[in-house]
Amino acid sequence: MMRKITMREALNEALFEEMERNKNTLCFGEDVGYIGGIFGVTRGLQEKFGKERVWDTPIAECTIVGAALGMAITGLVPIAEMQFADFMAVAFDEVHNKLGKWRYMHGGKFEVPVTLRLPIGISGGAGPEHSQSPQALFVHSQGLYVVIPSNPRDAKGLLKQAIRDPNPVLFFEHKKLYEVKGEVEEEEFLIPFGKAAVKKQGTDVTIVATALQVTTALEAAELLEKDNISVEVIDPRTLVPLDTDTIFESIKKTGRLVIVHEDPKRGGTGAEIAALVAEELLFDLEAPIKRVAGPDVPIAQNIHLEKYYVPSVEDIIEAVKETLD
Amino acid sequence: MMRKITMREALNEALFEEMERNKNTLCFGEDVGYIGGIFGVTRGLQEKFGKERVWDTPIAECTIVGAALGMAITGLVPIAEMQFADFMAVAFDEVHNKLGKWRYMHGGKFEVPVTLRLPIGISGGAGPEHSQSPQALFVHSQGLYVVIPSNPRDAKGLLKQAIRDPNPVLFFEHKKLYEVKGEVEEEEFLIPFGKAAVKKQGTDVTIVATALQVTTALEAAELLEKDNISVEVIDPRTLVPLDTDTIFESIKKTGRLVIVHEDPKRGGTGAEIAALVAEELLFDLEAPIKRVAGPDVPIAQNIHLEKYYVPSVEDIIEAVKETLD
Amino acid sequence: MALSKYDKDLLLDLYRTMLTSRRFDQELIRLLHDGKVGGFHHSGQGHEAIAAGICASLEDKDYLFYHHRGCNQQISKGISLEGIYADFLGRVDGTTGGLGSGIVHHVDPDKGILGQSGTIGESYILAAGVGYSIKYRGTDQVCVAFNGDGATAREVFHGGINWVGLYNLPVIYVIENNLLASSLHFQNSHSLKEGGSLADRADSYDVPSFVVDGNDVLAVYEVAKEAIARARNPKERRRCTLIEAMTYRYRGHFEGDSAEYMDKDVIEEWRENRDPLDNYRKKLLDSGTFNEKDLTKLEKEVDDTIKNAIAKAEASPIPGRDRIFEGLYA
Amino acid sequence: MALSKYDKDLLLDLYRTMLTSRRFDQELIRLLHDGKVGGFHHSGQGHEAIAAGICASLEDKDYLFYHHRGCNQQISKGISLEGIYADFLGRVDGTTGGLGSGIVHHVDPDKGILGQSGTIGESYILAAGVGYSIKYRGTDQVCVAFNGDGATAREVFHGGINWVGLYNLPVIYVIENNLLASSLHFQNSHSLKEGGSLADRADSYDVPSFVVDGNDVLAVYEVAKEAIARARNPKERRRCTLIEAMTYRYRGHFEGDSAEYMDKDVIEEWRENRDPLDNYRKKLLDSGTFNEKDLTKLEKEVDDTIKNAIAKAEASPIPGRDRIFEGLYA
Ligand SMILES: Cc1ncc(C[n+]2csc(CCOP(=O)(O)OP(=O)(O)O)c2C)c(N)n1
Ligand SMILES: Cc1ncc(C[n+]2csc(CCOP(=O)(O)OP(=O)(O)O)c2C)c(N)n1
Ligand SMILES: [Mg+2]
Ligand SMILES: [Mg+2]
């Protein structure tokens, strides 16, 4: 049987392997060095690779990202962690206007192999500025890749790909997945960007879900199976580039689409997917598209209220059934 | 006949009137004081209201917005200008996480009457970081209003409303509209948020367009009229709140929707509108939705290339005709 | 200054404030361990003298931005204990009306407590706006913004202090320098001269600054009193001040942090020899200003207050789903 | 230092660089007025001595971030004139391969010219990363980042200088302080001590700094030479430096700016008495190092170079629509 490891371990392995592979690869950010990150993803790296390659930066997110760009265009391969993806707001200019555009606006003369690791998601009462899932903002950016794994194996293969890719990659890690275990082979592997994973085949309704919501969608799908509703669950794995082929193929078969994500609904990651389908596949749809998403209000800190922000199995089941009415 | 004034003059009048109305209203930003703004919108204000109320700040966008919030929650009504809306990226945390959430996350105990004036759009070779139209990013935010006028009268009425509103308002002004003239009555008036304007009635196809693209859409509509295609043109005027009633009503009549905007297509302002329609009105649609939008690449500085970034009359005509095929 | 020169009420109030802060925190941690409080808490144990010393010269009309380790600051400024306990417990009678708290977001406009930003350090710029507001409105209010040493590395520090200095605003920046920013030692976070301080940063902005022993409540009180008086007076050449108060924290960065990066001996040294409460209590007794009975009485009062506050907070209900849709727009 | 102590080639090169910068700019403005160049241009006339003096000690391998008023800087670092003319003219042989330029974005990796950010001041942090990269790779390269006085008010200044100081990186920040940021006077942008300078900001970070007459090319040269030598040497206690070079601009913020906020007499005073080229030329002649004929010959050469560059640039084609879809990803 294949070994099972947590997503944290899988990410950690990816970092180890890529740091070993290329000595110009560096890891830095707040608390990533000595303690190995507040979520423990970079544990052991400083011990192994030294303080020059793995270190704790001051609390200055613009500078972390700006410096990463400076390193990348002069021969290094920086991997920086934002302690919480929410802090991408602080370094927004550096991400949206610098990382994404530096190569293009300077005539294609640079490569920008930057990876930003970005913990997202609602987890344990962290409140309105430590719980967000801001990936939709960067779907609107240019020149960035947006990666969002849902399980240990994908996390490992995608992170290795991200580090090797000569372009800037935003790598979103759902905090609630760090402890989740899954099968990951011992041998080295990469997962290419732009290839969705069909997590479960089905014929009645297509669900497109990302990150933690893939698990929720699969749970819903299993329960729906008991009602003889056959659901296909697709995890795009990368939002930019988006594997429209796989998604469209599925919708052509099912005629129904439910999109599930934790980020707020308005202008969220589901909007672009829904819009593409409404442009390209309108006559294949047999029911209105449904989005099951976070509400358009900031995330309360009250731990008792958190559940109201996260798409639940019941929410998904209800949405799927509505498409079948 | 009613007088005609430029959008710049209309905005300037709105500022004068509101500054006169409430002595706690202040205007500030880079170059807004002595020279009256690099686009001339705040001209004459410093002379009239003095340097305490109208002044030139250091080049520090985070601080401009952060300070505006501090003023707003202690009794003032700040109106700040970002010299180019592109610089909202610099102050992104202050806008997305502070202005939008301060009231909510502190239990609703504050009002945040901040207005940010934000020049957008491609105009005269300003390149990838002085030409953007970043409004889609803030459609995904919470707690903000997103206002985007297309003509002098709307600009005046909406800006006055924005200043009086107790909530943070992002006010997007297309640079190419500043010189455009239109009828504006002498008497005071306000325009409420969330009320779209039907710019032209029609029965075959609905176009939803904002800012400069309203003009382009109307030109296209006029030409289409000659081919006996009757187009309804809707200007939402505010993207948050969005007047879905008016938009949906129109689509129920026409069965066809073309969305036009200058911001890049992927995750742009059209995505949410298309998604809403695909959720709510699917069976009213007789053709796939079309988005005519900016390409998903940064904006080149080369003035000869700019035209390839802006939706043209021809692009719109083509899209409309495609919905009728 | 000899203790005898101080007003006795003030001396006792300082003790009461520090003790309330300490006891509040201890009881909160108990509630956390009992599983009644979710989310994050950054304990301010060891820092109590700073907020107590600063806020002693502030009035309700004055403004305050606390930081993530800021319960002491809110308590020193007079926030309702019951309110913040209810926040931590996620009850509707919390200061946020049921949205809860943890990292931040307690609030009390009537006490001038303006809240806090989840992205730390933002109060450097928010306070600049509040200072401008005070100056424009022409009142004699003051705005105090607390931050940590770590947050002072953030880019916004420069933007804020430059505004505050340029417009000469009634703003006092207080840095609670506990030598650590999460696991990062102060020395590895800031480029400074040998023996230099964060207070040195203020110099080129022409902002007066002080480094003060943050575990000595009277030392803090003196420095703050001067700064606050200067801030209130529009005729002063410099109304703004940066105060760096040196201290240490007794616990991990947040409750649950195993804090292996901290040296247990160093913590012990601070606890044993530099505790702001113990040392001050001893001083009060040694100087003969108060006797053991006076202090025991006060200690009992504080305990009762805390118990009462918790009881009231726990009696408040947990909100339902509707709550999350309230209060987004005014 | 007496002129006789300098290498004659160096002396002549400095003049050539400044003159090329000046003539480049004059001709560019002519092209603008002829309607051949669209977009924005921020003329660096009056600033030429700064870049010439700094770059004289740099090599191709060294890195440079210019700022929006930075054609002088690129020219001093050796960028192709034909390339940047072609950028301004929107031709495919421009350094950006047809994307054009205006505000910024010329580039030449082979000359170490890394580009520029449209949000000014960002090079304060980008250069920190480049400095880290140099240090990590263990080369003796240097990174120079030019900025204006106005951009130095941006929040990122603090983040950048703190990194550079903390990690002791081979980075030189140069501020071309022309007393204006668009219409805002320097004094209204920065909180400083009476008579203080932006260079003072470096002090608390333990970053060596200089204020230098930016219109005196040899003065700039001397300061930069020392700083660059220090930066190259990993054994130096401080490899980083902040240089504030005082100057003034002769023209509006950008071409087309009516610049009514500028005092014509002040401009005249700088042009007449403090022009970096005129004064240097006079010095070269007065010292007897060169005679009128030497300089006229060089001037003719520069004119020819410029003419040639423009001719070649104008011969290059304008790109078509496809160009905008090229080069987004590697
Ligand atoms: C912009 C931002 N970056 C990072 C964090 C995460 N964070 C919260 S507290 C903290 C350490 C703060 O250290 P310091 O300012 O010294 O305060 P202390 O905790 O020592 O009281 C960090 C890194 C944050 N909340 N906001
Ligand atoms: C972040 C940001 N804010 C504002 C601007 C607009 N802007 C461009 S140049 C400039 C003035 C810069 O002044 P300074 O740094 O002194 O340089 P100078 O023009 O005087 O050479 C301004 C406000 C910008 N490009 N980026
Ligand atoms: Mg600290
Ligand atoms: Mg300047």
Side-chain angles (χ1 to χ4, degrees), chain B residues 28-38 40 42-43 46 51 55-66 82-84 86-94 122-132 264 294-310 312, chain D residues 37-41 87-92 94 96-106 116-122 148-157 181-186 188-191 253-254 256-261 318-329:
Chain B
F28 55 97
E30 294 155 17
D31 302 300
V32 306
Y34 189 73
I35 64 164
I38 63 161
T42 55
R43 249 176 235 157
Q46 186 178 74
K51 285 188 185 175
W55 76 99
D56 297 313
T57 64
I59 302 171
E61 286 80 7
C62 301
T63 309
I64 292 171
V65 178
M82 296 279 105
Q83 197 155 73
F84 291 81
D86 309 61
F87 307 157
M88 290 287 271
V90 172
F92 198 84
D93 181 54
E94 287 71 26
I122 291 168
S123 176
E129 298 176 78
H130 290 69
S131 305
Q132 294 172 94
D296 292 313
V297 288
I299 298 157
Q301 302 222 2
N302 187 341
I303 203 143
H304 304 292
L305 295 175
E306 280 197 340
K307 56 177 171 291
Y308 304 124
Y309 289 86
V310 186
S312 67
Chain D
V37 165
F40 290 85
H41 172 57
D87 282 327
F88 277 106
L89 289 158
R91 309 305 168 104
V92 297
T96 61
L99 290 181
S101 76
I103 296 179
V104 284
H105 305 319
H106 309 282
Q116 160 67 347
S117 156
T119 44
I120 57 170
E122 286 289 298
D149 47 295
T152 303
R154 276 204 60 209
E155 295 85 356
V156 286
F157 170 75
S182 188
S183 70
L184 182 66
H185 194 276
F186 172 63
N188 299 325
S189 179
H190 304 282
S191 187
H253 176 51
F254 59 92
D257 175 10
S258 64
E260 275 150 33
Y261 54 87
I318 292 168
R321 178 167 186 277
D322 287 354
R323 177 63 189 90
I324 73 169
F325 296 105
E326 289 165 12
L328 183 61
Y329 291 103

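Computed over heavy atoms, backbone and side chain alike; hydrogens, waters and symmetry mates excluded. Letters A, B, ... mirror the listed sequences (proteins, then strands); counts begin at 1.
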For the student: nearest non-hydrogen atoms of B:Tyr308 and D:Gly320, plus distance
CE1-C, 4.0 Å
Closest heavy-atom contact between D:Phe40 and B:Ala126?
CE1-CB, 3.7 Å
What part of D:Ala151 gets within 4.5 angstrom of chain B, counting heavy atoms only: side chain, backbone, both, or neither?
backbone
Tell me which of these, B:Asp56, B:Asp86, B:Ile38, B:Ile35, has more heavy-atom pairs under 4.5 Å with chain D than the rest.
B:Ile35
Working to the nearest 0.5 Å, report the span between CD1 of B:Ile299 and CG of D:Leu99.
12.0 Å
Suppose we screen for salt bridge (Lys or Arg N to Asp or Glu O under 4.0 Å). Which residues come up paired with D:Glu122, at least two apart in sequence or across chains?
D:Arg154
When only pairs under 4.5 Å are counted, which of B:Tyr34, B:Tyr309, B:Phe87 shares the most heavy-atom pairs with chain D?
B:Tyr309
B:Glu61 portion near chain D, given a 4.5 angstrom heavy-atom threshold:
both
Closest non-hydrogen atom pair between B:Ala60 and D:Ala153, with its separation
CB-O, 3.7 Å
Please report the closest heavy-atom contact between D:His105 and B:Pro128, naming both atoms and the distance.
NE2-CG, 3.5 Å
For B:Ile303, which atoms come within 4.5 Å of any heavy atom of chain D: side chain, backbone, both, or neither?
side chain
Under 3.5 Å donor-acceptor, B:Glu129 side chain and D:Ser117 backbone
no
Closest contact, heavy atoms only, D:Gly90 versus B:His304
O-CD2, 4.2 Å
For chain B, which of D:Ala181, D:Gly121, D:Gly98 has the most heavy-atom pairs under 4.5 Å?
D:Gly98
Could you pull out the closest heavy-atom pair between D:Ile324 and B:Val297, with the gap in Å?
O-CG2, 3.4 Å
Sub-3.5 Å donor-acceptor pair from the side chain of D:Glu155 to the main-chain atoms of B:Cys62, do we have one?
yes
Structural part of D:Ile120 lying under 4.5 Å from a heavy atom of chain B:
side chain
With sequence neighbours excluded, residues passing ring-ring contact (aromatic ring centres under 6.0 Å, His included) with D:Tyr329:
A:Tyr145
At what distance, to the nearest 0.5 angstrom, does CG of B:Asp31 lie from NE2 of D:His253?
7.0 Å
Give, as side chain, backbone, both or neither, the part of D:Ile318 having an atom under 4.5 angstrom from any heavy atom of chain B.
side chain
Interatomic distance, CG@B:Asn302 vs OG1@D:Thr96, rounded to 0.5 Å, equals 7.5 Å
Using a 6.0 Å cut-off, check whether atom CD of D:Glu260 has over 12 heavy atoms from anything other than its own residue.
no
Between D:Gly327, D:Gly100, D:Gly38, which shows the greatest number of heavy-atom pairs under 4.5 Å with chain B?
D:Gly100
